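Below: the structure, in C-alpha cells.
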Amino acid sequence: MKRDFKTILITGGAGFIGSHVVRRFINNYPGANIINLDKLTYAGNLQNLTDVENKPNYTFLKGDIIDSLFTDALFQKHNIDAVIHLAAESHVDRSITNPTEFAMTNVIGTINLLNGAKKAWANNAEGKLFYHVSTDEVYGSLGATGFFTEETAYDPRSPYSASKASSDHFVMAYHHTYKLPVIISNCSNNYGSHHFPEKLIPLAIHNIKNNKPVPVYGKGENVRDWLYVNDHASAIDLISHKGKVGETYNIGGHNEWKNIDLIHLLCKIMDKKLGRPAGTSEKLITFVKDRAGHDLRYAIDSTKLQKELGWIPSLQFEEGLEKTVDWYLANEAWLNNVTSGDYQKYYEKQYVQR
Ligand code: NAD
Ligand code: DAU
C-alpha cells in the first residue's frame, strides 16, 4: 500500500541530494505541501531550486536544526506528516578538521527533529513517517571482496561516518523506545548536477576545465560505488511511500570504480567535450597526501530494495558522467558562484598548504 502524505518536511533541501529530492516531490505530489528547511550553509544554495521555487505547493524555511526551539516550533506550526531528513554536514575531509560541527548538526540536529516529531505525533502516529537519509560509510571499509548488506555491523571510521552512525542509532532507538514510525536508507556515493565542488567528481571537472592539478589522494586505489543522484531521489520517493516502518534499506548502483580509473575516464570525457587533444587532461593528475584513515572500499548490496520494492537504477555510469559534465559546462555561473568567497579559503587550506 502506498502512503499518502499531505505535508512533507524535507531538511537539507538546498543541498546536492536534497535539491533533487525537493524537485522530485514538488513535481510528483502537486497535492502535497513540500516544506524545504535548510540553514543555507556553504553547501546549501537556493539557486539549485530556481526552476521550482514558484510552484504553489512549495515553501522554503531558513532554519538551523541544532536549534531545538526552532525545530519544536516548526512541528507545532505545520501539520507535518512526513519528514525526509537530509540536512547534514556531509564532507569527510571537513569532519577530520572539525568533528564537533559534525556531532552538532548530524547527531544533535537529528535528535531535535526526532523530538519534534515525537511530540507532534504523540496522540496518533498512524500514517506518519520519519525517514532518515544515511550513508554506506556507517558500515566501515571493505577489503577487495564482499558487499555491505542491511545486516552488516556498523563500524564507522571517520568523524563524519561516526556522526551518521550515531544519528542512525538514535533514529532506531526512537522507533524501539517510543514507537516512532521511522525508516532509514544507507546509500553509496552520489554524483550528478548541483554537487558542491569539494567532492571528487565536481572538483575534478572544475579543475580540469581550469587547467588546474587534479588531486588524487594516495595512489588512487580506493574504491567507491557511484550512483546517479536522481536514482537516489527515486529510491527515497519509493521507500518513503512503500517501505516498511522500522526497516533499513541499502541503496547503491553496483558500480564500483577505483578513484584513479574514474579520473582517467573523466579526463577522456573532458578532452572530448572541451575539444582538447586526447591525453591533455591526464597530465593534470597529481597524487597528493592521502586522507587520514581513508576507507579502502565501499560496495552496496541493494538486493532487498530491488526485490521488495522493485527499484532499479536508471543510468549506466558513462552516460551519467557525460550528462554531469554537460551540466557543469553549461552552468558556469553556478560553479563560479559557489567557488567564490569561502571556497577559495577552503581550497587553499585543504590542497595548497598541506
Ligand atoms: P550537502 O552537503 O550537499 O547538503 C547538506 C544540506 O544540509 C545543505 O543544504 C546545508 O545547508 C544543510 N544543512 C547543514 N547543516 C544544517 C543545519 N544545522 N540545519 C539545517 N540545514 C543544514 O549534502 P548531500 O551530499 O546532499 O547529502 C545529503 C544527505 O545525504 C546527508 O545526510 C548525507 O549524509 C547523505 N548522503 C550523501 C551521499 C553523497 O554521496 N553525497 C551519499 C549517501 C548519503
Ligand atoms: O559513500 C557515501 C559518501 O560519499 C557520503 O556519505 C558522503 O557524504 C560523500 O561526501 C561521499 O564520501 P567520500 O569521502 O567517498 O566522497 P569524496 O568525493 O570526498 O571522495 C571520493 C573518493 O575520492 C575518496 O576515496 C577520496 C578521494 N578523493 C577525494 C577528493 C575530494 C581524492 O582522491 N581527491 C580529492 O580531492
Side-chain angles (χ1 to χ4, degrees), residues 10-22 36-46 48-49 61-67 70-71 84-96 101-102 104-106 108-110 112-113 132-139 141 148 158 160-161 163-164 167-168 185-192 194-204 207 213-227 229 232-233 236 251-252 257-260 262-263 285-291 294-300 338 347 350-351:
I10 300 178
T11 70
F16 165 48
I17 301 169
S19 60
H20 288 276
V21 173
V22 165
N36 171 13
L37 158 63
D38 201 294
K39 181 179 176 179
L40 300 181
T41 67
Y42 77 93
N45 186 354
L46 288 178
N48 294 354
L49 290 164
L61 296 177
K62 187 168 188 298
D64 188 341
I65 58 168
I66 297 174
D67 178 354
F70 171 78
T71 50
I84 316 274
H85 177 35
L86 295 109
E89 287 295 335
S90 69
H91 191 34
V92 174
D93 291 330
R94 288 186 191 252
S95 80
I96 294 168
E101 205 174 343
F102 281 67
M104 290 307 294
T105 290
N106 299 359
I108 303 297
T110 301
N112 286 341
L113 291 167
H132 181 58
V133 176
S134 192
T135 172
D136 60 357
E137 299 200 10
V138 299
Y139 297 123
S141 181
F148 298 134
S158 75
Y160 163 69
S161 54
S163 68
K164 291 296 291 187
S167 64
D168 290 12
S185 59
N186 297 84
C187 187
S188 64
N189 285 63
N190 285 213
Y191 71 98
H194 304 90
H195 202 181
F196 194 80
E198 64 185 352
K199 309 280 168 67
L200 180 67
I201 290 180
L203 184 133
N207 284 13
V214 177
V216 175
Y217 295 166
K219 293 184 180 151
E221 304 261 293
N222 303 67
V223 175
R224 296 293 182 265
D225 174 0
W226 293 95
L227 179 71
V229 63
H232 189 186
I236 290 173
I251 310 170
W257 285 78
K258 263 190 195 166
N259 291 339
I260 189 65
L262 161 58
I263 294 299
I285 295 175
T286 309
F287 292 94
V288 299
K289 190 174 155 205
D290 208 354
R291 172 183 281 172
H294 198 170
D295 288 343
L296 178 66
R297 174 173 166 257
Y298 305 141
I300 277 277
V338 301
Y347 196 86
Q350 179 67 20
Y351 294 102

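Counting starts at 1 for both ligands and their atoms, following the listed order. What you see below is based on every heavy atom in this structure, not just the backbone, and it leaves out hydrogens, waters and symmetry mates. Predicted model only: the values in this text are computed from it and were never measured.
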Side chains of [X] and [Y] in contact at under 4.5 Å (non-hydrogen atoms):
X: T71; Y: D67; value: no
X: N189; Y: I201; value: no
X: H91; Y: Y42; value: yes
X: Y351; Y: N207; value: no
X: P215; Y: L203; value: yes

Test of proximity, H195 against ligand 1: N or O pairs below 3.5 Å
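Looking only at distances, the answer is no, because the N/O contact criterion of under 3.5 Å is not met.
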Could you tell me, atom by atom, which parts of ligand 2 come under 4.0 Å of a heavy atom of [X]?
X: K199; result: 10 (O), 18 (O)
X: N222; result: 25 (O)
X: Y160; result: 5 (C), 6 (O), 7 (C), 8 (O)
X: E198; result: 31 (C)

Do me a favour and list the nearest non-hydrogen protein atom to [atom] with residue, atom name and distance?
atom: atom 39 (C) of ligand 1; answer: I17 CD1, 3.7 Å
atom: atom 1 (O) of ligand 2; answer: D136 OD1, 2.5 Å
atom: atom 34 (N) of ligand 2; answer: P215 O, 2.9 Å
atom: atom 27 (C) of ligand 2; answer: N259 ND2, 3.4 Å
atom: atom 9 (C) of ligand 2; answer: S90 O, 3.9 Å
atom: atom 16 (O) of ligand 2; answer: N189 ND2, 3.5 Å

[X] side chain vs [Y] backbone, donor-acceptor pair below 3.5 Å:
X: K219; Y: F287; value: no
X: D225; Y: Y298; value: no
X: S19; Y: F16; value: yes

- Message: Under 4.0 Å between a side-chain nitrogen and a carboxylate oxygen: does that hold for E198 and R94?
- Response: yes
Nearest heavy atom to atom 7 (O) of ligand 1, choosing from G15, G63, A88, S185, belongs to A88
With a 4.0 Å cut-off on heavy atoms, is [X] in contact with ligand 1?
X: Y42; result: no
X: G109; result: no
X: S134; result: yes

- Is the closest heavy-atom distance from H294 to ligand 2 below 4.0 Å?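 Checking ligand 2 against H294, which is what was asked, there is a heavy-atom contact under 4.0 Å.
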